[in-house]
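Below you'll find the structure, written out as structure tokens, and then a few comments.
Note that the structure is predicted; figures quoted are calculated from it, not measured. Each chain gets a letter, A, B and so on, in the order the sequences are listed, and its residues count up from 1.
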Amino acid sequence: DAGITQSPRHKVTETGTPVTLRCHQTENHRYMYWYRQDPGHGLRLIHYSYGVKDTDKGEVSDGYSVSRSKTEDFLLTLESATSSQTSVYFCAINRDYGYTFGSGTRLTVV
Amino acid sequence: GQQVMQIPQYQHVQEGEDFTTYCNSSTTLSNIQWYKQRPGGHPVFLIQLVKSGEVKKQKRLTFQFGEAKKNSSLHITATQTTDVGTYFCAGPTGTASKLTFGTGTRLQVTL
């Protein structure tokens, strides 16, 4: 969707390496979210942000950290990637009429 | 914490048949949202229901919010191959406009 982009789209990384995923929005929305999607689990909230430098944990935050130094950018970091973090990661912004999601990042940890 | 369950997990229909997915929350919801995700794509917002007993229609799709505001359904009349995808319901949880998503129903439509 126009207004929110994620990078990279695909990434393969080795166990134990750090990985950072980027979410960028162009519409100045206050709230941003990181979800992961796995078969049988739907979408689960990892972390969210309610403003610059204001972030909090979601239901599956272990092994992840986030930062938001500017309104437009919300970064998700896997400090030391594990195979259980192989997943599709979606960033979202909250518009008045529901969430708008980015196109996702498919991360494989080998 | 809040749980949102959907049934069925998967349904395979022939084109032209009807389809219904059901969403149940462990807590009362202030509103419920529905999203569609095409294979390989990202979830896309379809609709939000707010009032108890509310019914909304979008062409062949009919959305209902239960009287107790703990359940919802999506009904598709005369499915088409373009309806293929996974349908998620989602309800607000806590602060910061967070959403808890249901487990999703994957719809497959064949000719």
Side-chain angles (χ1 to χ4, degrees), chain A residues 1-7 9-10 21 23 25 27 29-61 66 68 74 87-107, chain B residues 1-10 21-27 29-50 56 58 61 63 65 72 74 85-108:
Chain A
D1 229 50
I4 180 169
T5 55
Q6 290 184 235
S7 59
R9 291 295 310 276
H10 302 272
L21 309 183
C23 179
Q25 61 144 329
E27 300 181 0
H29 291 281
R30 178 183 177 190
Y31 299 117
M32 298 184 75
Y33 313 86
W34 276 107
Y35 284 84
R36 62 177 288 174
Q37 184 173 35
D38 305 287
H41 291 279
L43 293 151
R44 293 181 292 174
L45 182 64
I46 306 171
H47 279 279
Y48 64 99
S49 171
Y50 46 97
V52 173
K53 297 186 179 177
D54 291 325
T55 65
D56 207 345
K57 297 178 180 180
E59 63 175 308
V60 290
S61 60
V66 289
R68 193 168 178 199
F74 191 30
S87 187
V88 179
Y89 292 86
F90 288 103
C91 175
I93 55 176
N94 181 39
R95 290 184 165 140
D96 290 341
Y97 48 87
Y99 280 12
T100 297
F101 285 86
S103 298
T105 295
R106 183 173 294 275
L107 177 68
Chain B
Q2 179 189 64
Q3 291 188 336
V4 181
M5 303 299 294
Q6 280 183 256
I7 55 171
Q9 282 191 316
Y10 171 76
T21 174
Y22 299 91
C23 175
N24 292 284
S25 170
S26 59
T27 60
L29 301 171
S30 59
N31 66 76
I32 194 154
Q33 300 178 16
W34 284 91
Y35 292 77
K36 177 183 178 181
Q37 183 177 22
R38 294 183 187 275
H42 57 276
V44 174
F45 174 80
L46 293 176
I47 206 162
Q48 176 174 281
L49 305 171
V50 178
K56 286 189 175 181
Q58 288 181 348
L61 278 60
F63 303 84
F65 199 9
S72 181
L74 159 59
T86 301
Y87 293 85
F88 293 98
C89 62
T93 180
T95 59
S97 300
K98 297 192 300 292
L99 290 177
T100 295
F101 283 80
T103 45
T105 296
R106 186 161 71 94
L107 173 64
Q108 180 64 35

(message) Is it the case that the side chains of B/Q37 and B/Y35 hold a donor-acceptor pair, with the cut-off being a distance below 3.5 Å and no angle test?
(response) no
(request) Please state whether the side chain, the backbone, both or neither of A/Y99 comes within less than 4.5 Å of a heavy atom of chain B. (result) both
(message) Other residues, nucleotides and ligands only: do more than 12 of their heavy atoms fall within 6.0 Å of CZ on A/R106?
(response) no
(request) Let me know if B/I47 has heavy atoms under 4.5 Å from chain A in its side chain, its backbone, both or neither. (result) neither
(request) Return yes if a side-chain donor-acceptor contact under 3.5 Å exists between B/T100 and B/Q2, otherwise no. (result) yes
(message) Given heavy-atom pairs under 4.5 angstrom as the criterion, report whether the side chain, backbone, both or neither of A/L45 touches chain B.
(response) side chain
(message) On a heavy-atom basis, which atom in A/D56 and which in A/Y50 lie closest, and how many Å separate them?
(response) CB-CE2, 4.3 Å
(message) Report which part of B/Q48 has an atom under 4.5 Å of a heavy atom belonging to chain A: side chain, backbone, both, or neither.
(response) neither
(request) Could you list the residues that satisfy ring pair (Phe, Tyr, Trp, His ring centres under 6.0 Å) with A/Y35, not counting sequence neighbours? (result) B/F101
(request) Tell me, for A/Q37 versus chain B, whether the close heavy atoms (under 4.5 Å) come from the side chain, the backbone, both or neither. (result) side chain
